[in-house]
Amino acid sequence: MLRVETLDVAYGDTQVLWDVSLEVGDGEVVALLGSNGAGKSTLLGTISGLLAPRRGRIIYDGDDISGMSPEKLVRRGISHVPQGRRLFAGLTVEQNLRLGAYLRDDGLAIAEDLDRVVTLFPVLRERFRQYAGSLSGGEQQMCAIGRALMARPRLLLIDELSLGLAPAVVDSLWPALREVNQSGTSILLVEQDVQLALENSSRGYVLETGRLVLAGPSTDLLNDARIVSAYLGV
Ligand SMILES: Nc1ncnc2c1ncn2[C@@H]1O[C@H](COP(=O)(O)OP(=O)(O)OP(=O)(O)O)[C@@H](O)[C@H]1O
Ligand SMILES: [Mg+2]
């Protein structure tokens, strides 16, 4: 479904990704790991069209989408849950969710999808008319995921699912994500909690200072000595 080929990405003169290649298959959950500043968010931003690559290609559904606008990519089924959620604090939960469907004009289906999101995250139904800024961290993450789902994505990019959330809250997000995945949406997940990410994905990649240093099935990575010593603190 997605194939990133030999990507170089820079902010002005400062290059932060070198020769990055990665794949996400149809229906897969893939984990993208790496320490602070490794370039994970930069890679997601390049896939979702917020940044243009300096070199390399991004193939999605067989087409080269490198440099395509975020708007076009959302229409083609790529949705991004950004690091830090980036909700509109002064808008309600409903308004934030509806913004995820901004490019759609199929009103009936939008209403169905709103219903699907609040069924997936029942607390959002209770908070429907509250300002997003008044939500707890976990509720904000649910709202950010819900907003991305309102675009009916086939590929969901999630940046730092668990950051700042209590473990119990994170656990409550996973059943919903599994359901989203099982209904046909592939997921590329950036996650600080390496164990959690590898336990919930089929394959993983590790970025270090802008380069991929490891890739493989998640079960292999969970047992890889380099992962264990660098990330699992053994
Ligand atoms: N807008 C920007 N302008 C210049 N440099 C940037 C910009 N955004 C990020 N960088 C730099 O690019 C590198 C990669 O940053 P990025 O945010 O992609 O890493 P990350 O893996 O997501 O890190 P984190 O775990 O902290 O979220 C870092 O050195 C960062 O300082
Ligand atoms: Mg980041």
Identified side-chain contact (heavy atoms from CB on, under 4.5 Å) counterpart of Tyr205 within the set Leu212, Val20, Val4, Val213: Leu212

Qualifying residue for side-chain contact (heavy atoms from CB on, under 4.5 Å) with Arg203, from Thr219, Val29, Leu22, Val30: Val30

Chi angles and distances behind the side-chain contact (heavy atoms from CB on, under 4.5 Å) call for Val9, Trp18: CA-CA 7 Å; Val9 181; Trp18 284 267; over 6 Å; no

Just verifying a value: how many Å separate [X] [atom1] and [Y] [atom2], rounded to the nearest 0.5 Å?
{"X": "Glu28", "Y": "Glu23", "atom1": "CD", "atom2": "CD", "result": "8.5 Å"}
{"X": "Ile78", "Y": "Ile65", "atom1": "CD1", "atom2": "CD1", "result": "4.0 Å"}
{"X": "Leu7", "Y": "Arg55", "atom1": "CG", "atom2": "CZ", "result": "8.5 Å"}
{"X": "Leu51", "Y": "Ser66", "atom1": "CG", "atom2": "OG", "result": "13.0 Å"}
{"X": "Leu165", "Y": "Gln140", "atom1": "CG", "atom2": "CD", "result": "9.5 Å"}
{"X": "Met150", "Y": "Leu114", "atom1": "CE", "atom2": "CG", "result": "4.0 Å"}

How close do [X] and [Y] get, counting heavy atoms only, and between which atoms?
{"X": "Leu196", "Y": "Val170", "result": "CD2-CG1, 3.5 Å"}
{"X": "Gly67", "Y": "Pro53", "result": "N-CD, 4.1 Å"}
{"X": "Ala176", "Y": "Phe121", "result": "CB-CE2, 3.4 Å"}
{"X": "Ile47", "Y": "Ile58", "result": "CA-CD1, 4.0 Å"}
{"X": "Glu126", "Y": "Gln130", "result": "O-OE1, 4.3 Å"}
{"X": "Asp19", "Y": "Asp8", "result": "N-OD1, 2.8 Å"}

Do [X] and [Y] have side chains that approach each other closer than 4.5 Å (heavy atoms only, starting at C-beta)?
{"X": "Ile145", "Y": "Val180", "answer": "no"}
{"X": "Ser48", "Y": "Pro70", "answer": "no"}
{"X": "Leu161", "Y": "Leu177", "answer": "yes"}
{"X": "Glu71", "Y": "Arg75", "answer": "yes"}
{"X": "Val81", "Y": "Leu157", "answer": "no"}
{"X": "Leu91", "Y": "Leu99", "answer": "yes"}
{"X": "Leu207", "Y": "Leu33", "answer": "no"}
{"X": "Met142", "Y": "Leu120", "answer": "no"}

Using the rule that two of Ile, Leu, Val, Met, Phe, Trp, Tyr join whenever any of their side-chain heavy atoms come within less than 4.5 Å, decide whether [X] and [Y] are in one cluster.
{"X": "Phe88", "Y": "Leu103", "result": "yes"}
{"X": "Met68", "Y": "Val74", "result": "no"}
{"X": "Leu188", "Y": "Met1", "result": "yes"}
{"X": "Ile110", "Y": "Leu124", "result": "yes"}
{"X": "Leu155", "Y": "Ile59", "result": "no"}

Crowding at CZ, Arg178 (>12 non-hydrogen neighbours, <6.0 Å): yes

Flag if over 12 foreign heavy atoms under 6.0 Å of OH, Tyr102: no

Working for side-chain contact (heavy atoms from CB on, under 4.5 Å), residues His80 and Leu73: CA-CA 10 Å; His80 189 159; Leu73 294 172; over 6 Å; no

Looking only at atom types and distance, does a side-chain atom of [X] sit under 3.5 Å from a main-chain N or O of [Y], one as donor and one as acceptor?
{"X": "Ser79", "Y": "Pro153", "answer": "no"}
{"X": "Glu139", "Y": "Ser136", "answer": "yes"}
{"X": "Asn96", "Y": "Ala144", "answer": "no"}
{"X": "Arg147", "Y": "Arg85", "answer": "yes"}
{"X": "Gln95", "Y": "Thr92", "answer": "yes"}
{"X": "Gln141", "Y": "Gly138", "answer": "no"}
{"X": "Thr185", "Y": "Asn181", "answer": "no"}
{"X": "Thr46", "Y": "Thr42", "answer": "yes"}
{"X": "Gln15", "Y": "Leu17", "answer": "yes"}
{"X": "Lys40", "Y": "Ser35", "answer": "yes"}

Worked check of side-chain contact (heavy atoms from CB on, under 4.5 Å) between Thr119 and Arg125: CA-CA 8 Å; Thr119 304; Arg125 194 193 296 276; 3.4 Å; yes

Intermediate values then yes/no, side-chain contact (heavy atoms from CB on, under 4.5 Å), Leu198 and Val194: CA-CA 6 Å; Leu198 292 176; Val194 168; 3.8 Å; yes

Cationic N near anionic O, under 4.0 Å, Glu94 to Arg98: yes

Arg152 bridged to Asp113 by N-O distance under 4.0 Å: yes

Any side-chain donor-acceptor pair under 3.5 Å between [X] and [Y]?
{"X": "Ser162", "Y": "Glu191", "value": "yes"}
{"X": "Ser41", "Y": "Gln83", "value": "yes"}
{"X": "Ser21", "Y": "Thr6", "value": "no"}

Residues forming a side-chain hydrogen bond (donor to acceptor under 3.5 Å, both in side chains) with Asp26, sequence neighbours excluded: none

Residues forming a side-chain hydrogen bond (donor to acceptor under 3.5 Å, both in side chains) with Ser186, sequence neighbours excluded: none

Criterion salt bridge (charged side-chain N to carboxylate O under 4.0 Å, His left out) against Asp63, the qualifying member of Arg57, Lys72, Arg76: Arg76

